[in-house]
Amino acid sequence: MAGEAEAPPPEETLSFWKREQARLKALVVVGDTEAWQRDAALSGLRRVGGVDVSFVKGDGVRACASLVVLSYPELEVVYEDCCMVSLTAPYVSGFLAFREVPFLVDAVRRLREKEPRLVPQVLLVDGNGVLHHRGFGVACHLGVLTDLPCVGVAKKLLQVDGLENDAQHKEKIRLLQAGGDSFPLALKSHDRSSRPLYVSVGHKISLEAAVRLTRGCCRFRIPEPVRQADIRSRDYIRRTLAAPEPPTPAQERSQKAQGPKVCPKGGSKEPEGEDRPPEAHS
DNA sequence: GCGACAG
DNA sequence: ATCTTGTCGC
């Protein structure tokens, strides 16, 4: 049933989470491990994954976790897996992974079992990597648990290490000119976007490659893998809520998924304004 | 009391 | 994260 927003976790849980982050942080690989990451054109990169978790509006528990895989450089969805889940941990800034990562790991496991040929060479994660209070954001967490290269892509700046979203920072953003321009913290995803993306290393990739990859995945402000995962997880929730016989009562224990599917194609609405890049002039 | 707050 | 469809502009 629909649960309410959970209470903040006890101090004991937070200290346990911190110990877990410290333990797993030692396993993070910051730097390129794959040949395509070293190539300026990312030659050799064929599949990029994206993950996201969307929530049911008035519900603090039910959500849809999704994993999509896109071809590169075409950026067409070749795999999609949406799964209704019951969240257990509440959202606490700095501990996002403990709320979302278990379901993303499950999705990766299903993909490896059912469509091993479609396992992505890298995952774009909604959130931060090493740009984190303790240097271990959700992108690092997912990377270590799956051993897949991961990149953190956040839409807002997480202020850490005394980093401030002050006038100084805003001025640096204002100075970004063309799509692709970036400074160590922020990337302008395309020519007409004023709000940047905050890209950070998750696992098994360098910041330079992470930024190049993210840029290469941007048709709009939000990189396609993450954007498609977001769109599809929200649509899945919409369809689920509209269905007369939503889920099954007692089978939620196994957190069953809507059979992972290999998708031929798909159409979706396109954003406007700053989220939309300029039309292609011919 | 004030500021910060990934999703 | 969520509340939100069509619509004005280049």
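Values in this document were obtained by computation on a predicted structure and should not be read as measured data. Numbers restart at 1 for each chain; the letters A, B, ... are given by sequence-line order, proteins then strands.
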Q: Would you indicate whether A:R109, at its atom CZ, is surrounded by more than 12 heavy atoms from other residues, nucleotides or ligands within a distance under 6.0 Å?
A: yes

Q.
Tell me whether A:D235 is salt-bridged to A:R232, with the criterion being a basic N under 4.0 Å from an acidic carboxylate O.
A. no

Q) Between B:dG7 atom P and A:I237 atom CD1, what is the distance in whole Å? A) 17 Å

(Q) Any carboxylate oxygen within less than 4.0 angstrom of a Lys/Arg side-chain nitrogen, looking at A:R234 and A:D230? (A) yes

Q) Checking all strands, does A:D126 fall into the base, sugar-phosphate, or nothing category for heavy-atom contacts under 4.0 angstrom? A) sugar-phosphate

Q) Rounded to the Å, how far apart are A:K156 NZ and B:dA4 P? A) 14 Å

Q. So what does A:Y91 hit on the nucleic acid, given a heavy-atom distance under 4.0 Å: a base, only sugar-phosphate, or nothing?
A. base

Q: Remember a base hit wins even if backbone is also touched, and classify A:F95 as base, sugar-phosphate or nothing at under 4.0 Å, heavy atoms.
A: base

Q. Of the nucleotides C:dC3, C:dA1, B:dA6, which one has an atom closest to the side chain of A:S93?
A. B:dA6

Q. Can you check the A:Q21 CD to B:dA6 C1' distance for me, whole Å?
A. 12 Å

Q) What integer distance in Å separates A:I222:CD1 from C:dA1:P? A) 9 Å

**Q.** Beyond-backbone contact of A:C83 with A:D106, side-chain heavy atoms, under 4.5 angstrom
**A.** no

Q: For A:Y198 and B:dA6, give me the distance from atom OH to atom P, rounded to whole Å.
A: 12 Å

**Q.** Mutual orientation of the aromatic rings belonging to A:F98 and A:H141 [parallel < 30°, tilted 30-60°, perpendicular > 60°]
**A.** perpendicular

Q: Output yes when at least one side-chain N/O atom of A:R234 is less than 4.0 Å from OP1 or OP2 of C:dT2, else no.
A: yes

(Q) At 4.0 Å (heavy atoms only), tell me whether A:V56 reaches a base, stays on the sugar-phosphate, or touches nothing. (A) nothing

Q: Taking only the side-chain nitrogens and oxygens of A:K57, find out if one of them lies under 4.0 Å from OP1 or OP2 of C:dA1.
A: no

Q. What integer number of Å spans the C1' atoms of C:dT2 and B:dC5?
A. 16 Å

Q) Closest to the A:S54 side chain: B:dG7, B:dC5, C:dT2? A) C:dT2

**Q.** Whole-Å gap separating C1' (B:dA4) and CG (A:L157)
**A.** 11 Å

Q. Reckon A:G152 touches a base, only the sugar-phosphate, or nothing at all at heavy-atom distances under 4.0 Å?
A. nothing

Q: Figure out the NE2/P separation between A:H132 and B:dC5, and round it to whole Å.
A: 12 Å

Q. In whole angstroms, how far is the P atom of B:dA6 from the NZ atom of A:K155?
A. 10 Å

Q) Which one, B:dG7, B:dA4, B:dA6, comes nearest to the side chain of A:E100? A) B:dG7

